[in-house]
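Notes for the one structure printed next.
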Protein chains: 2
Amino acid sequence: MTSPTRSRPAAPSEVLEEQTVVPEQSEVWRALSDPSRRRILDILREAPQTTSALCSRFEFSRFAVMKHLRVLEAAGLVLVERQGRERINHLNPVPIQQIYRRWIKPFEQLPADRLLRLKRTVETTSRPPA
Amino acid sequence: MTSPTRSRPAAPSEVLEEQTVVPEQSEVWRALSDPSRRRILDILREAPQTTSALCSRFEFSRFAVMKHLRVLEAAGLVLVERQGRERINHLNPVPIQQIYRRWIKPFEQLPADRLLRLKRTVETTSRPPA
DNA sequence: TGATTATGTGACCAAATGGTCACATAATCA
DNA sequence: TGATTATGTGACCATTTGGTCACATAATCA
């Protein structure tokens, strides 16, 4: 085994911060990184769906959808309710909110002046040396 | 595939507001899906860094860092300022804010009662059938 | 009961991804 | 000028990933 990078044991020194965070936020990121999975979440946002109902809205196979669902479930983004032989997939927005707290919010608090300076310098520098 | 996305002409257009869709929000998601890249962004949030300064904070090679930077740049998450032979990498929070508007915010507006129902049913169903 | 339908599991494959290296270019300093 | 340092490019490789399929199990319906 030679991929210690994926399961980095901690790296807490850097990643730490205002954490508190989820067991593995990486899973949430990974789940969200795929367009099909984001589409699934969008559909699930309208209303919960059985797996096959979900499949009917995709062009690829049911198995692909199931795989995506498993990833989403592992990330906690989809909660599964069993009803007889049916599997009803619900959207769970909580992990996304955690992402927000850990990531989006801090970035919104970036001092505005730094951003402005940045924008200026970038514009200046990206101008062709004429 | 020859990634035409890379040579985005301007950037100021995106730095603007939440306007008209990002070129490809997929790129932002992909960029954010990797732990190393998120770490880079975290570092950049403290202060802009030259590439080599950035490298010194990672265990893997400079080339890997550069690749990550390129992905981040393509997603608009990192803006590059040239200063002599140095390349100073700045964090650009705008794409993350767009992600927020497109994704997090709508999910926060999910009707609370649906969530509650969901939670109840999940708890009920996941209980062993006694 | 048997047929049908909904979901789950395992093997498999092509493409993308994260990492490596060697080499090239360009700016700075003595 | 030459040496050093910062960054860029291309080839390469192992692993992961998104997709396929065949087959298995379980619940519903006639």
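All chains are named by letter (A, B, ...) in the order of the sequence lines, taking the proteins before the strands, and each is independently numbered beginning at 1.
For A:Ile40 and D:dG18, the CD1 to P distance is 11 Å, given to the nearest whole Å. Rounded to an integer number of Å, the gap from CG of A:Asp34 to P of D:dG18 is 5 Å. Look at CZ on B:Arg62: it is 11 Å from P on D:dT9, rounded to the nearest Å. If you measure from atom CG of A:Leu32 to atom P of D:dG18, you get 12 Å, rounded to the nearest angstrom. The separation between B:His68 atom NE2 and D:dG8 atom P is 16 Å, rounded to whole Å. What separates CE of B:Met66 from C1' of C:dC23 is a distance of 13 Å, to the nearest Å. To the nearest angstrom, C1' of C:dT20 lies 17 Å from CZ of B:Phe58. Atom P of nucleotide D:dT7 and atom CD of B:Glu81 are separated by 12 Å, given to the nearest angstrom.
Considering only side-chain N and O atoms, A:Ser52 lies under 4.0 angstrom from the phosphate OP1 or OP2 of C:dT7. B:Arg87 has no side-chain polar atom (N or O) that falls below the 4.0 Å cut-off from OP1 or OP2 of C:dA26. Of the side-chain N and O atoms in B:Arg37, one or more sit less than 4.0 angstrom from OP1 or OP2 of C:dG18. The shortest distance between the side-chain N/O atoms of B:Arg30 and the OP1/OP2 oxygens of C:dG18 is below 4.0 Å. Side-chain nitrogen and oxygen atoms of A:Thr51 include none within less than 4.0 Å of the OP1 or OP2 phosphate oxygen of C:dA6.
Residue side chain B:Arg70 does not reach the base of D:dG8 through any donor-acceptor N/O pair under 3.5 Å, judged by distance alone. Between the side chain of A:Arg85 and the base of C:dA6, no donor-acceptor pair of N or O atoms lies under 3.5 Å.
Of the charged side-chain nitrogens involved, none lies within less than 4.0 Å of a carboxylate oxygen, so that B:Arg39 and B:Glu46 do not count as a salt-bridged pair. B:Arg57 and B:Asp42 are not joined by a salt bridge, as no carboxylate oxygen comes within less than 4.0 angstrom of a charged side-chain nitrogen.
Of the two residues near DNA chain D, A:Gly84 and A:Glu59, the one whose nearest nucleotide lies more 5' is A:Glu59. Taking for each of A:Ser36 and A:Glu86 the nucleotide of DNA chain D with the nearest heavy atom, the 5'-most of the two is the partner of A:Ser36.
Nucleotide D:dC21: paired with C:dG10 (Watson-Crick or G-U wobble, both distances less than 3.5 Å). Summarising the base pairing, C:dA15 is matched to D:dT16 through a Watson-Crick or G-U wobble pair whose two defining distances lie under 3.5 Å. Pairing for D:dA27 is with C:dT4, a Watson-Crick or G-U wobble pair whose two hydrogen-bonding atom distances lie under 3.5 Å.
The residue A:Phe63 sits close to a base: some heavy atom pair falls under 4.0 Å.
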Q | Worked check of side-chain contact (heavy atoms from CB on, under 4.5 Å) between A:Tyr100 and B:Ile99 | A | CA-CA 10 Å; A:Tyr100 165 69; B:Ile99 289 268; over 6 Å; no
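Between A:Trp29 and B:Trp29, the angle of the ring planes lies from 30° to 60°, which puts this pair in the tilted group.
The shortest side-chain heavy-atom distance between A:Pro106 and B:Arg45 falls under the 4.5 Å cut-off.
The B:Ala64 side chain lies nearest to C:dT20 when the options are C:dT20, C:dT7, D:dT7.
Closest heavy-atom contact between A:Pro95 and A:Gly76: CG-O, 3.4 Å.
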